[in-house]
Peer 1: 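Quick one: structure below, then a few questions.
Whatever order the structure lists ligands and atoms in, that order sets their numbers, starting from 1.
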Amino acid sequence: MVSSMPSASDLLGERRRVLVTGGAGFIGSAVVRRLLRESTVTVFNLDKMGYASDLSSIEEVLNELDDAATGRHRLQQVELSDAAAVEAAVKEADPDLVMHLAAESHVDRSISGPGVFIESNVTGTYNLLQAVRGHFEDLRAERRDAFRMHHISTDEVFGSLGSEGRFSETTPYAPRSPYSASKAASDHLVQAWHHTFGLPVVLTNCSNNYGPWQFPEKLIPVVTLKAAVGESIPLYGDGMNVRDWLYVEDHVDALLLAACKGESGSSYCVGGHGERTNKEVVQAICQQLDQSCPASAPHTDLITPVTDRPGHDRRYAIDPTRISSELGWSPRHNVEQGLAETVRWYLSHQEWCNKVRARAGYDGSRLGMKTQTNAESGNA
Ligand code: NAD
Ligand code: DAU
């Protein structure tokens with residue numbers, strides 16, 4: 001599964017200024033690191049610096065690079081629901097390319113507190129579109145031709161599959177969680193700004209990402225960290241829900257290709273043929289821990305079935321034919337190799353995990369049960 005991928009610099013061509021929203025999050029920071037390492041563009045990193053944000057991985061890269069690189073990373077601490085602040089940030093960035101990743105991203109949190117998902121993902125995307133539209137209309141002709149706004153979305157907008165079939169660009173939208181509904185709304189807004197106002201946009205809908213530097217609230221880091229300290233591993237429902245896992249750096253490859261070479265107005269589904277049941281993923285992590293910490297084996301004894309996630313989507317799977325055939329994308333990691341690297345990374349970065357969890361006030365306990373009142377969920 002090894003492919004050759006053009007460097008970010010080759011893909012970006014004449015573009016000099018890139019605005020990345022959500023660049024302090026898991027996937028956004030991987031995009032920012034790639035842009036800093038592989039090109040000389042200036043990266044404007046617009047992020048509210050919320051609970052899932054951290055800049056350590058970018059600081060590590062800046063330390064490896066020459067002094068000039070530091071000036072090429074400009075943090076803009078901005079809340080997307082603040083229209084005036086977004087407009088000012090877009091003006092300052094004066095971008096040739098916008099990559100919009102900022103979003104509330106955790107399904108469980110959208111169940112216990114949906115309000116912030118509407119503010120960030122729907123109103124935030126609307127504010128960004130308005131600001132970017134104004135910027136685009138003011139651009140000189142030579143920059144206008146190459147300009148793109150790339151909206152990064154999820155396969156969850158397509159809903160839940162049965163045991164057969166895969167999502168593609170023509171699958172009808174059928175979101176079922178507050179998170180996926182808010183992302184679906186943002187996709188529709190982006191398409192509307194393209195058709196109505198002529199904004200050149202590209203969309204991507206990707207499956208589950210995994211890899212280093214993910215805020216430890218999602219399946220793979222949660223299971224690894226709990227198993228490492230002998231805590232019970234929560235497996236939702238019967239553990240037979242399927243996700244299509246993609247290593248984050250393979251997603252970054254796809255994002256750069258789509259942003260720079262994708263056809264305006266088009267969307268691309270991204271996934272690496274990585275379908276696994278949650279049970280298979282959890283068992284693989286436990287087996288790896290058995291090897292690294294044989295004294296506490298078998299770690300599978302820690303697996304504990306817990307009450308299912310409300311509205312839990314059964315299966316996601318992506319058909320990536322379009323991005324593969326039109327843009328030449330293919331993943332460079334298979335799940336076994338990527339998962340093994342990722343588990344090793346979390347085991348050797350437990351201090352970082354403890355730091356970010358403590359800063360976020362998150363103790364690793366179960367999220368996403370329907371217990372909160374309106375006031376607690378940010379809807380009052
Ligand atoms: P993340 O939660 O790790 O990071 C999101 C970042 O966006 C955070 O730094 C956060 O502070 C910022 N943000 C959120 N709301 C904001 C607001 N109102 N104003 C400014 N900044 C805000 O998420 P991630 O996993 O890196 O996901 C990035 C994007 O990719 C999201 O749009 C998500 O829907 C999409 N996506 C994620 C996955 C996945 O498996 N993680 C898969 C497909 C698509
Ligand atoms: O499909 C893309 C989506 O993948 C992204 O859009 C989201 O931003 C991202 O969070 C992810 O959503 P999921 O809900 O699929 O990811 P999560 O890691 O939360 O859960 C993966 C599966 O594991 C899901 O079926 C629920 C289950 N699970 C999760 C946790 C945290 C457990 O069984 N136990 C757990 O403790």
Peer 1: For the side chain of Asp238 and the backbone of Met240, is there at least one donor-acceptor N/O pair under 3.5 Å apart?
Peer 2: yes
Peer 1: How would you list, by chain and number, the residues with a heavy atom under 4.0 angstrom from ligand 2?
Peer 2: Ser105, His106, Val107, Thr154, Asp155, Glu156, Tyr179, Cys206, Ser207, Asn208, Glu217, Lys218, Leu219, Val222, Pro234, Leu235, Tyr236, Asn241, Arg243, Asn278, Arg309, His312, Tyr316
Peer 1: List, for ligand 1, each N/O atom that has a protein N/O partner under 3.5 Å away, with both atom names and the distance.
Peer 2:
from	atom 1	to	atom 2	distance (Å)
ligand 1	2 (O)	Ser105	OG	2.7
ligand 1	3 (O)	Phe26	N	3.0
ligand 1	7 (O)	Ala103	N	3.4
ligand 1	9 (O)	Gly25	N	3.3
ligand 1	9 (O)	Asp47	OD1	3.2
ligand 1	9 (O)	Asp47	OD2	2.7
ligand 1	9 (O)	Ser53	OG	2.7
ligand 1	11 (O)	Asp47	OD1	2.7
ligand 1	11 (O)	Gly50	N	3.2
ligand 1	11 (O)	Ser53	OG	2.8
ligand 1	15 (N)	Ser120	OG	3.3
ligand 1	18 (N)	Glu79	OE2	2.8
ligand 1	18 (N)	Ser120	OG	2.8
ligand 1	19 (N)	Leu80	N	3.0
ligand 1	21 (N)	Lys48	N	3.0
ligand 1	23 (O)	Ser105	OG	3.2
ligand 1	26 (O)	Phe26	N	3.3
ligand 1	26 (O)	Ile27	N	2.8
ligand 1	32 (O)	Leu101	O	2.9
ligand 1	32 (O)	Lys183	NZ	2.6
ligand 1	34 (O)	Tyr179	OH	2.6
ligand 1	34 (O)	Lys183	NZ	3.1
ligand 1	40 (O)	Asn209	N	2.8

Peer 1: Under 6.0 Å between the ring centres of Tyr362 and Tyr51?
Peer 2: no
Peer 1: Taking side-chain hydrogen bond (donor to acceptor under 3.5 Å, both in side chains) as the definition, give me every residue that meets it alongside Ser177, ordered by chain and number, with sequence neighbours left out.
Peer 2: Ser180
Peer 1: Connecting only ILVMFWY residues whose side-chain heavy atoms lie within less than 4.5 Å of each other, what is the rest of Val222's hydrophobic cluster?
Peer 2: none
Peer 1: Can Tyr316 and Ser207 be said to form a side chain to side chain contact (heavy atoms under 4.5 Å, CB included), step by step?
Peer 2: CA-CA 7 Å; Tyr316 304 143; Ser207 58; 5.7 Å; no
Peer 1: Between the main-chain N or O of Met99 and the side-chain N or O of Arg148, is there a donor-acceptor pair closer than 3.5 Å?
Peer 2: no
Peer 1: Give me the ring orientation class for Phe158 and Phe167: parallel if the planes are under 30° apart, tilted from 30 to 60°, perpendicular past 60°.
Peer 2: tilted
Peer 1: Keeping the roles fixed (side chain from Arg243, backbone from Asn208), state whether a donor-acceptor pair exists under 3.5 Å.
Peer 2: no
Peer 1: With Val270, which of Ile318, Leu246, Asp250 fulfils side-chain contact (heavy atoms from CB on, under 4.5 Å)?
Peer 2: Leu246
